[in-house]
There are 2 protein chains.
Amino acid sequence: MSTAKRQTQQRTAIVTAIEGTDCTFTPQEVLGHAQRACPGLGIATVYRSIRELVEQGCIQRVVVAGSAPRYERTNVTHHHHFHCESCGAVTPLEGCSLKENYRLPSGFRASSHDVIFTGTCPKCADSEA
Amino acid sequence: MSTAKRQTQQRTAIVTAIEGTDCTFTPQEVLGHAQRACPGLGIATVYRSIRELVEQGCIQRVVVAGSAPRYERTNVTHHHHFHCESCGAVTPLEGCSLKENYRLPSGFRASSHDVIFTGTCPKCADSEA
DNA sequence: CTTTGATTGATAATCTATTATCACTTGATA
DNA sequence: TATCAAGTGATAATAGATTATCAATCAAAG
């Protein structure tokens, strides 16, 4: 996963941070992780790299509930998401929960689909109990 | 569906406009429809009424792709959405396309779920051809 | 019909995400 | 190593959605 012509500490740190995520991420989260390897890193550079990676098709924007816009690597297997209303975490759910034989009404052509479950994650369910 | 104490032309027009939608709507769309019955209507009043209706549980916020935030009546039968990348329209899809026997990993408790198909709607597919 | 506080419209303000600007820094090449 | 355009950080600017403000209006009650 390369972002552009020059290899800079910043880009390396950003790409490494993104590759380290297990699911979706926000620009702010990337900033936080990448700053460990690259302390002075600024948010503008994160946005620049994210835009490049989107243009390259390495990552894509995904929409999860009312939270801030998120991105996700495209080189991951098909999966869906669980959004915890309590802690805000977005967790990947393996596999696809759609009916195998589901068909859209005639005329509709879907290039992709998303399934988002909303509720309470195990961690928050425990702390509530 | 009432919104508050006084019955005003504005609230009536807004509620009527919302009841007339077949699926999701944005504040701007409500403004446009309600202004037919109530010409001077301002966007602030639409936002005020929408907030009241959300607090009353009559409508809820839904998230559809990268489009502006949308709302939807809660008194509709369970369904999902198709988002046309070409024209931006959001169309309701009857029924539920999830596997009947689908179970979340242990520990997760979902209070709701959303399925969003993205692609081309019949209208746009026709005009492309 | 008068009163009065709820409601409204216009618009300024706010909030958050994202982009543009620009002087300074630095990777890659000669 | 010297050069120089790509890249960067700080921050101002932008954009869009939503909320706050406030004087004017109006529904409802007497």
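Just so we're on the same page: letters track the sequence lines, and every chain starts at 1.
- Taking 3.5 Å as the limit, the base of D:dA28 and the side chain of B:R6 contain no donor-acceptor pair of atoms between them.
- Although no hydrogens or angles enter the test, the distance criterion places no donor-acceptor pair under 3.5 Å between the side chain of A:R70 and the main chain of A:C23.
- Proximity of a side-chain donor or acceptor of B:T74 to a complementary backbone N or O of B:C58 within less than 3.5 Å is detected.
- Rounded to a whole Å, the CD atom of A:Q35 is 14 Å from the P atom of D:dT8.
- Where B:Q9 and B:R51 meet DNA chain D, the nucleotide closest to each residue was compared, and B:R51 sits on the side nearer the 5' end.
- Between D:dG9, C:dT18, D:dG7, one nucleotide has an atom nearer to the side chain of A:R11 than all others, and that is D:dG7.
- Residue A:R48 has its side chain nearest to D:dT8 when only C:dT11, C:dT18, D:dT8 are considered.
- Applying the 4.0 Å criterion to OP1 and OP2 of D:dT19, one finds that B:Y47 has every side-chain N and O outside that range.
- Between A:H80 and A:H113, the angle of the ring planes lies from 30° to 60°, which puts this pair in the tilted group.
- Taking only side-chain atoms of A:P69, from C-beta outward, the nucleotide of C:dA17, D:dA20, D:dT18 with the closest atom is C:dA17.
- Across the protein-nucleic acid pair, A:E52 atom CD and C:dT18 atom C1' stand 15 Å apart, rounded to whole Å.
- Judged by distance alone, the side chain of B:R11 and the main-chain N or O of B:S49 form no donor-acceptor pair under 3.5 Å.
- For the OP1/OP2 pair of C:dA28 and a distance below 4.0 Å, the side-chain nitrogens and oxygens of A:Q7 include no atom meeting the criterion.
- Between A:P105 and B:F82 there is no side-chain heavy-atom pair separated by less than 4.5 Å.
- Positionally, the nearest nucleotide of DNA chain C for B:V46 lies more toward the 5' end than for the other of A:Y71 and B:V46.
- For A:L41, counting side-chain heavy atoms from C-beta on, the closest listed nucleotide (D:dT18, C:dT8, D:dG9) is D:dG9.
- For A:T45, a side-chain nitrogen or oxygen approaches OP1 or OP2 of D:dG9 to under 4.0 Å.
- Note on B:T8: every side-chain N or O is 4.0 Å or more away from OP1 and OP2 of C:dA6.
- A straight line from CD1 of A:I50 to P of D:dT8 spans 13 Å, rounded to a whole angstrom.
- The B:I43 side chain lies nearest to C:dT11 when the options are C:dT11, D:dT8, C:dT7.
- Close to D:dG9, at under 4.0 Å from its OP1 or OP2, lies a side-chain N or O of A:Q10.
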